[in-house]
There are 2 protein chains.
Amino acid sequence: MSDNKTSDLRMLFALFNEIGIIEQLSRTLFEGRLPKGVLVSHFSVLNHLSRLGDGRTPLDIARAFQVPKTTLSHTLSLLEKRGWIEMRPNPADKRSKLVYLTDAGRTFRETAIDSLAPDMAAMADHLNLGDIEAMLPKLAEIRSYLDRARDAAGT
Amino acid sequence: MSDNKTSDLRMLFALFNEIGIIEQLSRTLFEGRLPKGVLVSHFSVLNHLSRLGDGRTPLDIARAFQVPKTTLSHTLSLLEKRGWIEMRPNPADKRSKLVYLTDAGRTFRETAIDSLAPDMAAMADHLNLGDIEAMLPKLAEIRSYLDRARDAAGT
DNA sequence: CTAGTTTGGTACGATGTCGCACTACTTATA
DNA sequence: TATAAGTAGTGCGACATCGTACCAAACTAG
């Protein structure tokens, strides 16, 4: 009984440990390919807007990445300073804003993807993509659980 | 052909995206259970030393977590300030130091694990541990690949 | 042995992250 | 409609992370 519990606990620790290290390594790797001063968090926002459509509110984006809104606010201000996004008023809610990609933003995303592509291609060669595909729904499930647990954390 | 490539790329983006969000959520969740001012990075170091044995050099530990040595140096100084670790000279290399857990450090680790246990237990109830167990070697493989890619990045 | 190179660790500065507090607006309630 | 409660976004301060530069010790080559 308690043996099972401790082994469960060990396994979960191992999981989050691996995930933490992979996050660390992949972030460092990708940031090494991006122009100086551009972080993965910046690219991710541009990519998100491009893939899922722009015209979203900052809070929508913050929730998508599960980061505090103040963090995203900072990121957006940098993206705007670089001319990659544009903040427009939200006609539906005067407190709110809508985030739009500029042409420069779309262009930057494309070139960034191009500079990441060789690494990605190498990964695709060396890793088992079938395994990764199979893993994605399991990871999404873990993500979703943590998301719910976070909401319940006020308890 | 190029369709496959772009779908591979999409899949890898999705993977790192999920991993980033899970890292984010789990870190926030765990840090909410730790005493104010104690971060997951601190706990992880104590846990590492306890599980794999202390008397390691800072650089060993930095490599284990794949963080820059300056980051670990900062973390260790905080742990030392709290009396949870002890830095002793390395008899084998006068430039180097060895990191040892103190009794207070071991005790803190235990209580921290206890305070994390309820969340972990809930996860163990709601997640499929078999899936996670199966995922661990795949994640380790990805980690290992990224590790090698990092070393080759100087190329 | 000595000079040049490599390695372990730290100091310092820049910057991203994030909690707190606040304002402006919206929604719910009476 | 008026008042209270909730929500979107930002300013600010604290601090972790990390790159650069540096020192001291260890290794390597001649």
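Rounding to whole angstrom units, CG of residue A:L34 and C1' of C:dG16 are separated by 15 Å. Summarising the geometry, the separation between CD1 on B:I61 and C1' on C:dG9 is reported as 13 Å, rounded to the nearest angstrom. In this structure, B:I85 atom CD1 and C:dG9 atom P are separated by 12 Å, rounded to whole Å. Between A:E80 atom CD and D:dT10 atom C1' the separation is 13 Å, expressed in whole Å. As rounded to whole Å, 15 Å separates atom C1' of D:dG11 from atom CG of A:L78. In this structure, the CG atom of A:L59 is 9 Å from the C1' atom of D:dG9, given to the nearest Å. Between A:R82 atom CZ and C:dT15 atom C1' the separation is 12 Å, expressed in whole Å. A straight line from CG of A:L76 to P of D:dG9 spans 9 Å, rounded to a whole angstrom.
In this model, a side-chain donor or acceptor of B:K69 finds a partner on the base of C:dG9 within 3.5 Å.
Phosphate contact (OP1/OP2 of D:dG9, side-chain N/O of A:S73, threshold under 4.0 Å): absent. For the OP1/OP2 pair of D:dC18 and a distance below 4.0 Å, the side-chain nitrogens and oxygens of B:T71 include at least one atom meeting the criterion. Look at A:Q24 and you won't find any side-chain N or O under 4.0 angstrom from OP1 or OP2 of D:dT17. Look at A:T75 and you'll find a side-chain N or O under 4.0 angstrom from OP1 or OP2 of C:dT17.
For the pair B:T75 and B:V67, the minimum side-chain heavy-atom distance is 4.5 Å or more. A 4.5 Å side-chain heavy-atom check between B:Q24 and B:L29 finds every atom pair outside the cut-off. Counting heavy atoms from C-beta on, the side chains of A:L15 and A:R10 never come closer than 4.5 Å.
Among the nucleotides D:dC18, D:dA16, C:dG16, the one closest to any side-chain atom of A:L39 is C:dG16. Checking C:dA11, D:dG6, D:dT10 against the side-chain heavy atoms of A:R95 singles out D:dG6 as nearest. Comparing C:dG8, D:dG19, D:dA8 by their closest approach to the side chain of B:S96 singles out C:dG8. Here the side chain of A:D93 is nearest to one of C:dG9, C:dC25, C:dA11, namely C:dC25. The side chain of A:K94 lies closest to C:dT26, out of C:dG16, C:dT26, D:dT17. Picking from D:dT10, D:dA16, D:dA8 the nucleotide with the shortest atom distance to the side chain of B:S41 gives D:dA16. With D:dC18, C:dG16, C:dC18 as the candidates, the nucleotide lying closest to the side chain of B:T70 is D:dC18.
Along DNA chain D, the nucleotide nearest to B:H74 and the one nearest to A:K36 differ in position, and the one closer to the 5' end is contacted by B:H74.
Using cut-offs of 30° and 60° on the angle between ring planes, the pair A:F13 and B:F30 is tilted. Under the 30°/60° scheme for interplanar angles, the aromatic rings of A:W84 and A:F108 are found to lie parallel.
Annotation: cation-pi geometry satisfied between B:R88 and B:Y100 (NZ/CZ under 6.0 angstrom from ring centroid, within 45° of ring axis).
No engagement by A:S77 is indicated, since no non-hydrogen atom pair under 4.0 Å with the nucleic acid exists.
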